[in-house]
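These numbers come from a predicted model, not from an experiment. Below, chain A is the first sequence line, B the second, and so on; all start at residue 1.
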Number of protein chains: 2
Amino acid sequence: MARPDIKEARREQILDAFEICVARYGVEGATLAKTAEQAELARPLVRHNVGNRNDLIDALTERFLQKSRTRMNSFLEMLPREHRSMKALEWLFDPHYSDARLIKVSYALITHSYENEKLAAAMQGWLDDFIARLDSLLAEDFPNAEPSKVTAVATGITGIYFNVESLHGLGNNDSLLAASKQSAVILLNSLGTARA
Amino acid sequence: MARPDIKEARREQILDAFEICVARYGVEGATLAKTAEQAELARPLVRHNVGNRNDLIDALTERFLQKSRTRMNSFLEMLPREHRSMKALEWLFDPHYSDARLIKVSYALITHSYENEKLAAAMQGWLDDFIARLDSLLAEDFPNAEPSKVTAVATGITGIYFNVESLHGLGNNDSLLAASKQSAVILLNSLGTARA
DNA sequence: AAGTTGATTATCAAGTTTGACAAAAAATAT
DNA sequence: ATATTTTTTGTCAAACTTGATAATCAACTT
């Protein structure tokens with residue numbers, strides 16, 4: 001008995017636009033006007049569908065954490081049975097599969113964490129979770145490696161990956177990507193021979 | 001015949017404050033009011049001593065590049081004759097010697113590079129220079145290592161270092177720092193035995 | 001066709017940020 | 001002490017950002 005409710009679709013559309021702006025300009029630089037323009041919508045629609053600025057940030061944060069979890073889950077599930085760790089690296093450093101925006105958003109949110117204690121805790125948890133999952137994967141593949149060394153390698157690979165993703169778009173970074181991937185492989189190989 | 005000119009000192013004071021704000025809130029979030037408050041000066045003095053917003057950003061960028069060069073130079077000069085690479089790592093990952101602010105500023109400026117092509121080129125050069133210098137250092141210490149591998153290790157260490165510095169202040173990151181350092185050491189050791 | 005619900009538009013007020021200028025105060029040389 | 005130069009303060013207008021509301025338009029149900 002009424003016009004169809006497309007609020008959910010609009011909401012996603014707006015959060016997509018906001019995410020792009022946050023990745024590009026940082027949280028403080030992502031104004032409602034830029035967001036609306038990016039979404040190709042009038043500014044009042046942002047408010048109508050999502051809410052005020054704080055609502056936007058909260059919604060983006062929640063969606064970011066959700067998407068990260070989902071993405072990581074499917075990432076791990078899609079890994080083959082053999083050579084899981086090496087395949088994981090290949091995907092992480094493959095520009096075709098990578099999602100630089102997500103990493104940039106995470107840096108933006110972490111920067112914004114100075115203002116928001118709850119956000120800081122959430123991002124800390126997100127980071128820990130990322131490393132822990134990679135850690136588990138490596139531990140499975142290298143059962144004979146020393147656990148603390150596995151953790152170090154997981155941390156190192158994460159750092160290299162985050163760095164290269166956050167720098168994506170600066171310029172011609174093909175060589176940076178290649179060298180980063182190679183160093184990640186060196187770290188992986190330092191754990192010995194992978195379980196068959 | 002006149003009041004003493006303290007413009008240079010004030011300028012540094014203001015740029016220090018602006019740098020802190022940029023590191024904490026990003027370029028877009030570092031308002032003139034926040035900067036003035038951080039510098040404990042009235043806002044009009046910012047304009048009087050440095051200029052408008054663009055002048056501030058330009059001045060900060062120039063000073064950042066200058067400081068980076070100087071810091072890197074003295075860093076390399078102060079390295080001992082023996083075990084140079086390992087000592088470099090110890091310094092890089094020692095919170096006492098590190099300068100997280102500089103790395104955060106670099107990320108903020110890189111984010112802002114979307115707006116400014118010249119800035120993008122400068123930051124790309126800065127990044128390349130950082131890696132290249134580390135590369136040279138490692139090449140000296142490991143003359144028998146394959147050059148491409150040395151470059152990979154230099155890139156990896158840089159990524160791990162940048163990442164951990166940019167995350168500094170998020171929370172209790174002692175374990176992240178320790179694991180990051182350990183992975184950097186693993187990378188270094190992968191080059192073989194250092195030149196005596 | 002009419003009514004109902006929700007999307008869209010138009011518009012405005014309040015707050016913030018920036019840019020700019022003029023007047024006042026301070027410090028030094030003569 | 002006075003003139004000169006520079007800092008410091010006070011102030012204001014313009015531009016931008018945000019928050020909010022009312023009015024209009026569109027689509028679907030009955």
(request) Spell out protein contact along nucleotides 12-23 of chain C as letters: B when the base is contacted, S when just the sugar-phosphate is, - when no protein heavy atom is under 4.0 Å; keep the 5' to 3' order. (result) ------BBB---

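- A straight line from CD of E40(A) to P of dT9(C) spans 13 Å, rounded to a whole angstrom.
- Following rounding to the nearest Å, E8(B) (CD) and dT6(D) (P) show an atom-to-atom distance of 14 Å.
- Atom C1' of nucleotide dT8(C) and atom CG of N49(A) are separated by 10 Å, given to the nearest angstrom.
- Taking atom CD1 on I6(B) and atom P on dT5(D), their separation rounds to 18 Å, with Å as the unit.
- One interatomic measurement links the two molecules: NE2 of H48(A) to P of dC25(D), which rounds to 17 Å at whole-angstrom precision.
- Looking only at side-chain heavy atoms (C-beta outward), K67(A) and L102(A) come within less than 4.5 Å of each other.
- Between Y107(A) and Y107(B), the ring centre distance stays below 6.0 Å.
- Separating the CG atom of D55(A) from the C1' atom of dG19(D) is a distance of 11 Å, rounded to the nearest angstrom.
- With sequence neighbours left out, F130(B) forms a ring-ring contact (aromatic ring centres under 6.0 Å, His included) with F162(B).
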(message) Run the side-chain hydrogen bond (donor to acceptor under 3.5 Å, both in side chains) test on N49(A) and E8(A) for me, step by step, so that the C-alpha distance in whole Å, both residues' side-chain angles and the decisive distance to 0.1 Å come before the verdict.
(response) CA-CA 8 Å; N49(A) 289 286; E8(A) 265 315 305; over 6 Å; no

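- Scored by the salt bridge (charged side-chain N to carboxylate O under 4.0 Å, His left out) test, E115(A) finds no partners at all (sequence neighbours excluded).
- For L45(A), whose side chain is taken as the heavy atoms from C-beta onward, the closest listed nucleotide among dT6(D), dT9(C), dT8(D) is dT9(C).
- Residue L41(B) is out of contact with every strand shown, counting any heavy-atom pair closer than 4.0 Å.
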(request) Just do the side-chain contact (heavy atoms from CB on, under 4.5 Å) check on L170(A) and L176(A) with the steps written out, would you? (result) CA-CA 11 Å; L170(A) 183 61; L176(A) 179 76; over 6 Å; no

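- Distance, R11(B) CZ to dT6(D) P: 17 Å, rounded to whole Å.
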